[in-house]
Colleague: 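Right, I'll just put the structure down here and ask away after.
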There are 2 protein chains.
Amino acid sequence: MSHADTTVSSDAANNPCSDCARAGHCLGGALTADSLHPPQVVRRVVAKGEHLYHAGDPADTLYVIRGGATKTYVCSSDGEEEVRGFQLANDAAGLESVCDRSYHTNAVALSRSWVCKLPAAAVREKMTRSPSFRDRVLSKLCHEFERLYGMLHRGRCAADQRVADFLVTQLRGQDGDIRSEIDLPMSRTDLARYLGLTTETVSRAFTRLQERGVLKRRGAHCEIVNPAALQALS
Amino acid sequence: MSHADTTVSSDAANNPCSDCARAGHCLGGALTADSLHPPQVVRRVVAKGEHLYHAGDPADTLYVIRGGATKTYVCSSDGEEEVRGFQLANDAAGLESVCDRSYHTNAVALSRSWVCKLPAAAVREKMTRSPSFRDRVLSKLCHEFERLYGMLHRGRCAADQRVADFLVTQLRGQDGDIRSEIDLPMSRTDLARYLGLTTETVSRAFTRLQERGVLKRRGAHCEIVNPAALQALS
DNA sequence: CGAAACATTGAACCGCATCAATCAAAGTGG
DNA sequence: CCACTTTGATTGATGCGGTTCAATGTTTCG
């Protein structure tokens, strides 16, 4: 994945979205399309382990992930970490900034990541001015609802199903087609805390999937040998 | 609970919210406050077992429950019913009408219920006109997110904790104070399908809570003897 | 009253968590 | 570059909680 366009031209200094290939599909692009004066969207590189925000911080920024990967998580009352979601390229983090005063999750980079910061105030203002932009934001919220309902459903399935379902979800790109291989950016521990299982159980599920000839693993890389079988499980 | 105001005055025929005590706290009241010509909000009585909408129907109505109780549910691929939520007085059903074209759940009355139908088009239109109304709708969506996150957390707890946590949630009225007794409007089966457990496990959890002196049951009625102990569990 | 639906209780089984050990990969410092 | 440490992943053995199957008790309603 190339991030050559992070080198800032003088144009991009005023509007980082002007030289972004994804501007047409991104809330940031829409936010800066009818150009007001100052740069509203800011690009940033985030080191592995660095936080985008913490729970309780004033929710003043909507993040769009350009590259890399992040996770959102909370620490439950018993001290356990609950992973609420992973964000890859083109995903949003901190959507609660649209409808709440403060973040209720923590967000941290799983690897070196490239993100765009959209001021929540600008997003709200644009929502007021443009119903179509508002509908795009609502659509994002709607997708998040669907994802959460999916998580709830997964929580009622057996371990192998949870892992299979997760893989199917991850393999489906935003363009709709289904890839046959993937690099999982998160650790087994994070995946377990996302799926509501232990690392041991997740590990065993992967082993079983491999033994059945559904997939092959090489470290974080994961190749789907039998997509139909994977789909059938989830 | 009295529903005397369902008897329609000629005023109320044009605007059912004009004689509703809850109009000030209800999206319906806000929708009809700056009165346009025809009645936008329609009241209806829904018989037990009658559906408000089905999954796949065009999502053209936002429902507000005035009295009674409803549940939303989906039938998963394996034929099992998954209950996604219960709606009591002042709760909304069909929130997806704000951001989606069609409902993705079914909604059915658990008992004779009184509902208000808000046309989704009118809600969207008012959102465009009034940022504060828009923020109220967004706030509803935000609360739904919180509820879903709570459900996800509950899904990782033991059976007794799930039931205790559910009770605590139900006992907390929208005014913030905590009641000491409650009539559960849903069957054990529905509750089990909501909590991701079996009816037997839910039943045993209630029995254990009673044996520990936390609560007393008389049919659907549930009296909390030791609120502190209940809170401590959840 | 009698039937049907719902709720409760009991016994046995099974899947996941837990505890524990080994293995693999990635740094780190001499 | 190689020992050494550290971190993460895998595999194994055991126990427990919730499901499953089955029976009984309770409520509701024609």
Side-chain angles (χ1 to χ4, degrees), chain A residues 47-49 69 71 76 78-83 108 110-112 154-167 183-212 214-222 233, chain B residues 47-49 69 71 76 78-83 108 110-112 154-167 183-212 214-222 233:
Chain A
K48 175 178 179 174
K71 71 170 174 183
S76 67
D78 54 0
E80 289 299 299
E81 181 180 308
E82 271 176 39
V83 176
V108 65
L110 298 174
S111 59
R112 185 176 181 77
R154 242 195 321 248
R156 300 175 178 192
C157 295
D160 288 16
Q161 283 185 318
R162 294 195 207 189
V163 173
D165 191 55
F166 170 78
L167 284 174
D183 274 300
L184 293 176
M186 73 291 290
S187 69
R188 287 280 182 276
T189 303
D190 281 334
L191 184 48
R193 285 171 179 167
Y194 176 69
L195 296 177
L197 298 167
T198 59
T199 59
E200 294 95 326
T201 301
V202 171
S203 188
R204 277 185 254 264
F206 270 102
T207 302
R208 278 190 292 264
L209 286 173
Q210 182 158 325
E211 283 170 352
R212 290 188 214 167
V214 177
L215 54 80
K216 276 192 185 131
R217 289 173 294 168
R218 274 197 327 277
H221 190 77
C222 197
L233 271 175
Chain B
K48 174 178 179 174
K71 71 170 174 182
S76 67
D78 54 359
E80 288 299 298
E81 181 179 308
E82 270 178 39
V83 176
V108 65
L110 298 174
S111 59
R112 186 176 181 78
R154 237 189 331 242
R156 300 175 178 192
C157 295
D160 287 16
Q161 283 184 317
R162 294 194 207 190
V163 172
D165 191 54
F166 170 77
L167 284 174
D183 274 300
L184 294 176
M186 72 290 292
S187 68
R188 286 280 182 279
T189 304
D190 281 335
L191 183 49
R193 285 172 180 167
Y194 177 69
L195 295 176
L197 299 168
T198 59
T199 59
E200 294 95 327
T201 302
V202 171
S203 188
R204 277 185 256 264
F206 270 103
T207 302
R208 278 190 292 265
L209 286 174
Q210 182 158 324
E211 283 171 352
R212 289 189 214 165
V214 177
L215 54 81
K216 278 193 185 129
R217 289 173 293 168
R218 275 197 326 279
H221 190 78
C222 197
L233 273 176

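Naming: A, B, ... by sequence-line order, numbering from 1 per chain. Both backbone and side-chain heavy atoms feed into the values below; hydrogens, waters and symmetry mates do not.
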Colleague: Is B:L167 close to B:F206 at the side-chain level, that is, under 4.5 Å between some pair of heavy atoms?
Modeller: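 Yes, side chains in contact.
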Colleague: Got a salt bridge between B:K71 and B:E81, using NZ or NE/NH1/NH2 to carboxylate O under 4.0 Å?
Modeller: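 B:E81 and B:K71: salt-bridged.
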Colleague: So how far is it from A:L110 CG to A:L184 CG, rounded to the nearest 0.5 Å?
Modeller: 11.5 Å
Colleague: Give a yes/no answer on whether the side chain of B:T207 brings an N or O atom under 4.0 Å of OP1 or OP2 in C:dT9.
Modeller: yes
Colleague: Going by heavy atoms in the side chains, are A:L195 and A:V83 under 4.5 Å from each other?
Modeller: no
Colleague: With sequence neighbours excluded, tell me which residues meet side-chain contact (heavy atoms from CB on, under 4.5 Å) with A:D160.
Modeller: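 By the side-chain contact (heavy atoms from CB on, under 4.5 Å) rule, A:D160 matches A:A205, A:R208, A:R212.
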Colleague: Would you please name every residue forming a ring-ring contact (aromatic ring centres under 6.0 Å, His included) with B:F166, sequence neighbours left out?
Modeller: B:Y194
Colleague: Hey, what bend do you get for the helix from C:dC1-D:dG30 to C:dG30-D:dC1 if you fit axes on five pairs at each end, rounded to 10°?
Modeller: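 The end axes of the helix from C:dC1-D:dG30 to C:dG30-D:dC1 are about 40° apart, to the nearest 10°.
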Colleague: Kindly write out the residues that satisfy side-chain hydrogen bond (donor to acceptor under 3.5 Å, both in side chains) with A:T189, not counting sequence neighbours, or none if the list is empty.
Modeller: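 Partners of A:T189 under the side-chain hydrogen bond (donor to acceptor under 3.5 Å, both in side chains) test: none.
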Colleague: Can you tell me if the side-chain N/O atoms of A:R204 get under 4.0 Å from OP1 or OP2 in D:dT10?
Modeller: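 No, outside the criterion.
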Colleague: Which parts of residues 195-203 of chain B get close to DNA chain D, meaning a heavy atom less than 4.0 angstrom away?
Modeller: B:G196, B:L197, B:T198, B:E200, B:T201
Colleague: What pairs with B:Q161 under side-chain hydrogen bond (donor to acceptor under 3.5 Å, both in side chains), at least two apart in sequence or on another chain?
Modeller: none
Colleague: Report the residues that fulfil side-chain hydrogen bond (donor to acceptor under 3.5 Å, both in side chains) with B:D165, sequence neighbours left out, ordered by chain and then residue number.
Modeller: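 In terms of side-chain hydrogen bond (donor to acceptor under 3.5 Å, both in side chains), with neighbours along the sequence ignored, B:D165 is linked to B:R154.
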Colleague: Give me the atom names and distance for the closest heavy-atom approach of A:L233 to A:A164.
Modeller: CB-CB, 3.7 Å
Colleague: What residues, two or more places apart in sequence or in another chain, satisfy side-chain hydrogen bond (donor to acceptor under 3.5 Å, both in side chains) together with A:R217?
Modeller: A:Q210
Colleague: So do A:L191 and A:V163 actually touch side chain to side chain, heavy atoms under 4.5 Å?
Modeller: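 A:V163 vs A:L191: side chains apart.
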Colleague: For DNA chain D, find the residues of residues 158-165 of chain B with a heavy-atom distance under 4.0 Å and give them by number; none if there aren't any.
Modeller: B:A158, B:A159
Colleague: What are the atom names and distances for every N/O pair under 3.5 Å that joins the protein to nucleotides 28-30 of chain D?
Modeller:
none

Colleague: Looking at every strand, decide which applies to B:R218 at a 4.0 Å heavy-atom threshold: base, sugar-phosphate, or nothing.
Modeller: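 Result for B:R218 = nothing.
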Colleague: Among residues at least two apart in sequence or on other chains, which ones pass side-chain contact (heavy atoms from CB on, under 4.5 Å) with B:R156?
Modeller: A:E82, A:M151
Colleague: Distances for protein N/O vs nucleotides 22-25 of chain C N/O pairs under 3.5 angstrom?
Modeller:
none

